[in-house]
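A quick write-up on the structure given underneath.
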Number of protein chains: 2
Amino acid sequence: MLDQIDKELLKLLQKDCKQTNKALSNALGLSVTAVYERIRKLENNGIISNYVAILDKKKVDKSFAAFCHVKLVQHSQDYVMKFEREVRNLDEVLECYHISGDYDYLLKVLVEDMEAFREFMVKKLTKIDHIGSTHSMFMISEVKCTTAITL
Amino acid sequence: MLDQIDKELLKLLQKDCKQTNKALSNALGLSVTAVYERIRKLENNGIISNYVAILDKKKVDKSFAAFCHVKLVQHSQDYVMKFEREVRNLDEVLECYHISGDYDYLLKVLVEDMEAFREFMVKKLTKIDHIGSTHSMFMISEVKCTTAITL
DNA sequence: TAATATATAGATTATTTTTCTATTATTTAT
DNA sequence: ATAAATAATAGAAAAATAATCTATATATTA
């Protein structure tokens with residue numbers, strides 16, 4: 001489905017999606033139209049889901065990251081649905097996964113500082129019903145953070 | 001530093017960075033030039049760090065996510081530096097954070113399936129020197145996954 | 001309040017994307 | 001193997017967009 005050229009193209013677009021088709025065509029050794037058609041196809045079949053601007057966390061004063069484990073008191077369909085819906089609406093939560101192990105969920109939370117995190121926990125996360133327990137870990141430093149999937 | 005218009009603009013660009021300046025100008029009630037100049041400034045001062053294509057994990061057959069805790073045997077500058085350098089070079093590791101708590105690091109690993117994960121652990125991660133212990137959790141489902149920071 | 005700096009709008013130019021047509025590869029069926 | 005059909009590519013033309021420039025308005029500071 002994806003040939004080697006597509007993979008190379010996706011690698012380039014995952015690094016910088018604003019480079020011109022001309023630049024991409026040079027890098028790939030294709031014509032501009034060939035690149036254009038390949039991108040259009042990748043967009044249409046949903047392999048490329050969207051194009052986004054990535055911000056510098058420090059420069060926008062959101063450099064405090066926490067990872068929160070959450071356990072629900074019960075796992076009824078109802079409680080699960082409600083929790084997931086509410087978590088999706090929390091701006092501070094960038095990622096949330098249902099995971100295996102001692103806890104049910106792992107959340108990646110991004111705020112300005114510890115005080116903001118405390119506020120988030122007290123006023124938002126633990127206000128969600130049916131949360132049994134939580135356990136948080138704090139980011140000391142970021143070693144790697146990319147969105148690029150290697151194909 | 002960032003006024004309300006900038007924040008609104010960044011929100012739009014974090015959702016879709018390929019919309020035209022015309023579309024942005026309509027949404028913001030500004031002229032195309034005003035939008036253009038604001039974006040240029042946000043790029044130049046590094047608030048926008050880059051523009052990337054986001055791929056559909058399932059469609060590129062990388063829907064198995066794992067979160068690995070890693071503890072080093074020692075925390076000498078040397079071991080730490082070496083571990084971090086090697087982890088950065090692993091394509092399967094999209095994110096790696098030095099964190100507080102029982103373990104030293106939390107890694108987000110993305111591969112095709114459990115077998116690929118096993119391979120990753122045996123052949124790559126645990127091949128890195130000075131790793132004391134690891135503990136992995138597996139994603140059962142993705143509740144939320146965004147790159148957009150709310151300002 | 002005047003002087004300076006900053007932000008905006010509208011018009012123009014340069015680039016880029018998109019469309020179109022023709023040609024070349026690749027696949028499929030006979 | 002070969003002809004027919006399909007898909008991919010290239011180059012040229014048209015349409016859309018980005019980038020630049022000049023002038024005007026708005027805000028800041030001395």
Side-chain angles (χ1 to χ4, degrees), chain A residues 1-63 112 146-151, chain B residues 1-63 112 146-151:
Chain A
M1 186 170 190
L2 291 177
D3 65 15
Q4 210 46 49
I5 297 175
D6 285 321
K7 290 179 182 176
E8 188 60 35
L9 175 55
L10 288 171
K11 181 178 175 182
L12 294 168
L13 292 175
Q14 284 186 102
K15 199 176 293 178
D16 175 13
C17 70
K18 282 248 179 157
Q19 53 193 315
T20 64
N21 291 344
K22 184 105 195 302
L24 293 167
S25 74
N26 286 337
L28 298 171
L30 291 178
S31 72
V32 172
T33 308
V35 169
Y36 175 79
E37 290 297 337
R38 277 176 183 266
I39 293 175
R40 212 166 60 111
K41 187 177 281 182
L42 292 166
E43 288 169 355
N44 289 342
N45 62 19
I47 287 176
I48 295 174
S49 61
N50 58 331
Y51 298 100
V52 304
I54 303 293
L55 307 190
D56 184 314
K57 296 190 238 311
K58 282 177 203 142
K59 295 229 169 112
V60 296
D61 190 28
K62 300 279 182 185
S63 41
E112 40 271 59
T146 182
T147 54
I149 301 170
T150 302
L151 302 174
Chain B
M1 184 168 192
L2 292 176
D3 65 15
Q4 210 47 50
I5 297 175
D6 285 321
K7 290 180 183 176
E8 189 60 35
L9 175 54
L10 288 172
K11 181 178 175 182
L12 294 168
L13 291 175
Q14 285 186 101
K15 199 176 294 176
D16 174 13
C17 70
K18 282 248 179 158
Q19 52 193 315
T20 65
N21 292 343
K22 184 105 193 302
L24 293 167
S25 73
N26 286 337
L28 298 171
L30 290 178
S31 74
V32 172
T33 308
V35 169
Y36 176 79
E37 289 297 337
R38 278 175 182 267
I39 292 175
R40 212 167 60 111
K41 188 177 280 183
L42 291 166
E43 288 169 355
N44 289 341
N45 63 18
I47 287 176
I48 295 174
S49 60
N50 58 332
Y51 298 101
V52 304
I54 302 293
L55 308 189
D56 183 315
K57 297 190 237 313
K58 282 177 202 140
K59 295 230 169 112
V60 296
D61 190 30
K62 300 279 183 186
S63 42
E112 41 270 60
T146 182
T147 54
I149 301 170
T150 302
L151 302 175

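Just so it is clear: chains get the letters A, B, ... in the order the sequence lines come, proteins before strands, and each one is counted from 1.
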Below 3.5 Å is the cut-off: list the nitrogen or oxygen pairs between protein and nucleotides 20-23 of chain D, distance only.
unit_1, atom_1, unit_2, atom_2, d
D:dT20, OP2, B:Tyr36, OH, 3.3

Heavy atoms within less than 4.0 Å of DNA chain D: which residues of residues 4-27 of chain A have one? Give them sorted by number. none
What is the distance from CG of B:Asn44 to P of D:dA19, rounded to the nearest Å? 11 Å
Measure the distance from CG on B:Leu30 to P on C:dG10 and round it to the nearest whole Å. 11 Å
Can you give the donor-acceptor pairs under 3.5 Å from side chains of residues 22-31 of chain B to other protein atoms, not counting sequence neighbours?
unit_1, atom_1, unit_2, atom_2, d
B:Ser25, OG, B:Asn21, O, 3.4
B:Ser25, OG, B:Lys22, O, 2.6
B:Ser31, OG, B:Ala34, N, 3.1

Consider the side chain of A:Arg38, meaning its heavy atoms from C-beta on, and name the nucleotide among C:dT8, D:dA8, D:dA10 that approaches it most closely. D:dA8
Options C:dA9, C:dT18, C:dA7, nucleotide nearest the side-chain atoms of B:Lys41: C:dA7
Please round to the nearest 0.5 Å and tell me the distance separating atom [atom1] of [X] and atom [atom2] of [Y].
X: A:Ile47; Y: B:Lys57; atom1: CD1; atom2: NZ; answer: 14.5 Å
X: A:Lys7; Y: A:Leu9; atom1: NZ; atom2: CG; answer: 13.0 Å
X: A:Asp3; Y: A:Arg38; atom1: CG; atom2: CZ; answer: 4.0 Å

Are the side chain of B:Lys18 and the backbone N or O of A:Cys17 linked by a donor-acceptor pair below 3.5 Å? yes
Is A:Glu43 salt-bridged to A:Arg40, cutoff N-O under 4.0 Å? no
Would you indicate whether A:Lys11, at its atom NZ, is surrounded by more than 12 heavy atoms from other residues, nucleotides or ligands within a distance under 6.0 Å? no
Is B:Lys15 atom NZ crowded by more than 12 heavy atoms from other residues, nucleotides or ligands, each under 6.0 Å away? no
